[in-house]
Amino acid sequence: MMRPTTVAAALALLLLASTASAWPGAQECGACPLNNGCNCSACALDTVFLGDVAAFVILAGHEVTTGTGVSSQILGALGVYPGSSVTGYPDMLNGSAIQVANGASGAGIAALTVAYNDAAGRTLCPVAVAGNLGGLTLYPGLYKSTDGLEITGSDLTLHGGADDVFIFQMAKTFLITTGMKVTLAGGAQAKNVFWQVGSSATLMGSTVFKGTMMADQSITSDKGAVVNGRVLARIASVTMMEAVFSLPA
């Protein structure tokens, strides 16, 4: 018969072995159950397929407004469909195209609707979140809010590997307040981060945003915002002022 101390030691070794197999650790499993038996691979998400909308860094259903004064700098296609209004003077870099009420923008909106519905319909291992995400470090997985979300007070860090996917679902609005940032750590890439916004989103001045934002209604970015990703508004408008946009690497 094993003595109690021997049994305890054996159990400790068994627990250590179970946690060693989890990546990146039980406390960092994102959407996996937060316990010592967590196996993150069971909750790994497939990416959201973007199809014809992937080439667009900015796309809106009704109109795009770039403001006055210093032009917003845009690396990637800008499009509108079925609307046909692009106001202001966007600085399209490296030959980036403006697609207005044509086949390319129409295909982009159609693909956006498919991608939006895909992101909104995900159900694998959801983690409930609410209110302010500022100051948090989050790991790969699906994050779900039945209301709006915001990043204020402190930056949000997303920590994961190069192929790990993050999906944020929110039923209402999304707000990033002045000077706040979405930062990536551990090799995580902006191309694998998706934000599904049930109504409208606002990026206030001097914010830094990473990922593909898909809003049902409108998206507004204020002076000095920097976006490495996409701002895609299905129905209404994208409004920007002296901001910088580039497709995610």
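Side-chain atoms are counted along with the backbone in the values below, which use heavy atoms only and exclude waters and symmetry mates. We number each residue from 1, following the sequence as shown.
With rounding to the nearest 0.5 angstrom, the OG atom of Ser200 is 13.0 Å from the NZ atom of Lys172. Asn132 CG to Ser154 OG: the interatomic distance, rounded to the nearest 0.5 Å, is 8.0 Å. For the atom pair CZ of Phe194 and CE of Met213, the computed distance is 13.5 Å after rounding to the nearest 0.5 Å. In this structure, Leu156 CG and Ile151 CD1 are separated by 4.5 Å, a value rounded to the nearest 0.5 Å. Note that OH of Tyr116 is 8.5 Å distant from CE of Met214, once rounded to the nearest 0.5 Å. From Glu63, atom CD reaches atom OG of Ser85 across 4.5 Å, with rounding to the nearest 0.5 Å.
No donor-acceptor pair under 3.5 Å is formed between the side chain of Glu150 and the backbone N or O of Ile176. Side-chain atoms of Asp164 come within 3.5 Å of backbone N or O of Gly161 as a donor-acceptor pair. Put simply, the side chain of Ser72 gets close to the backbone of Ala243: a donor and an acceptor are under 3.5 Å apart. Under the 3.5 Å distance criterion, the side-chain polar atoms of Thr113 are matched with a main-chain donor or acceptor of Ile109. Looking only at distances, a side-chain donor or acceptor of Thr66 sits under 3.5 Å from a matching main-chain atom of Thr87. Looking only at distances, no side-chain donor or acceptor of Ser206 sits under 3.5 Å from a matching main-chain atom of Gly179. With hydrogens and angles ignored, the 3.5 Å screen pairs a side-chain donor or acceptor of Ser96 with a backbone N or O of Gly76. Here the side chain of Arg234 pairs no donor or acceptor atom with the backbone of Leu112 at under 3.5 angstrom. The main-chain N or O of Leu75 is never found under 3.5 Å from a side-chain atom of Ser246 such that the two would form a donor-acceptor pair. Looking only at distances, no side-chain donor or acceptor of Asp155 sits under 3.5 Å from a matching main-chain atom of Gly134.
Looking at Thr239 and Ile219, their side chains never come closer than 4.5 Å, going by heavy atoms from C-beta outward. The shortest side-chain heavy-atom distance between Leu93 and Asp91 falls under the 4.5 Å cut-off. Contact of the Leu175 side chain with the Met204 side chain is registered, since non-hydrogen atoms from C-beta on lie closer than 4.5 Å. Here the side chains of Pro90 and Ser71 are not in contact, with every heavy-atom distance at 4.5 Å or above. Side-chain contact between Phe49 and Val114 is absent, with no heavy atoms from C-beta onward closer than 4.5 Å. Contact check for Val182 versus Leu158: side-chain heavy atoms found under the 4.5 Å cut-off. Proximity of Leu203 to Met240: side-chain heavy atoms (C-beta onward) are nowhere separated by under 4.5 Å. For the pair Ile235 and Asp216, the minimum side-chain heavy-atom distance is below 4.5 Å.
Between Phe166 and Trp195, the ring centre distance reaches or exceeds 6.0 Å.
Counting all heavy atoms, side chain and backbone alike, Ala236 lies closest to Ser218 at CB-CB, 4.1 Å. Across Arg230 and Phe209, no two heavy atoms sit closer than the pair O-CE2, 4.2 Å. Between Asp46 and Val165, the shortest heavy-atom distance links the atoms O-CG1, 3.9 Å. Closest non-hydrogen pair, Ala233 versus Gln217, comes out as CB-O, 3.2 Å. Contact detail for Val193 and Lys210: the closest heavy-atom pair is CG1-O, 4.0 Å. Taking both residues in full, the closest heavy atoms of Ser199 and Thr173 are given as OG-CG2, 3.3 Å, listed atom of the first, atom of the second, then distance.
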message: Pair Ser221, Phe245 - check side-chain contact (heavy atoms from CB on, under 4.5 Å), show working.
response: CA-CA 10 Å; Ser221 61; Phe245 300 84; 3.4 Å; yes
task: Might you work through the side-chain contact (heavy atoms from CB on, under 4.5 Å) test for Leu78 and Leu59, ending with a clear yes or no?
output: CA-CA 6 Å; Leu78 179 155; Leu59 182 64; over 6 Å; no
query: Does the side-chain contact (heavy atoms from CB on, under 4.5 Å) test come out yes or no for Lys144 and Val129, once each step is laid out?
result: CA-CA 6 Å; Lys144 182 180 183 67; Val129 288; 5.8 Å; no
- request: Go through Thr202 and Phe174 one step at a time and tell me if the side-chain contact (heavy atoms from CB on, under 4.5 Å) criterion holds.
  value: CA-CA 6 Å; Thr202 301; Phe174 183 41; over 6 Å; no
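For the residue pair Tyr143/Gln169, the side-chain donor-acceptor check at 3.5 Å is not satisfied. The closest side-chain donor-acceptor pair between Gln189 and Asn192, if any, does not fall under 3.5 angstrom. Counting only N and O atoms by type, the side chains of Thr157 and Thr183 include a donor and acceptor under 3.5 Å apart.
Applying the 6.0 Å contact sphere to OH of Tyr81 captures no more than 12 heavy atoms from other residues, nucleotides or ligands.
Residues Val86 and Val244 do not share a hydrophobic cluster, clusters being chains of Ile/Leu/Val/Met/Phe/Trp/Tyr side chains in contact below 4.5 Å. The hydrophobic cluster containing Val100 also contains Val57, counting ILVMFWY residues as joined when their side-chain heavy atoms lie under 4.5 angstrom apart, directly or transitively. Neither Val208 nor Val197 shares a network with the other; the hydrophobic side chains, linked directly or stepwise wherever heavy atoms of I, L, V, M, F, W or Y lie under 4.5 Å apart, form separate groups for each.
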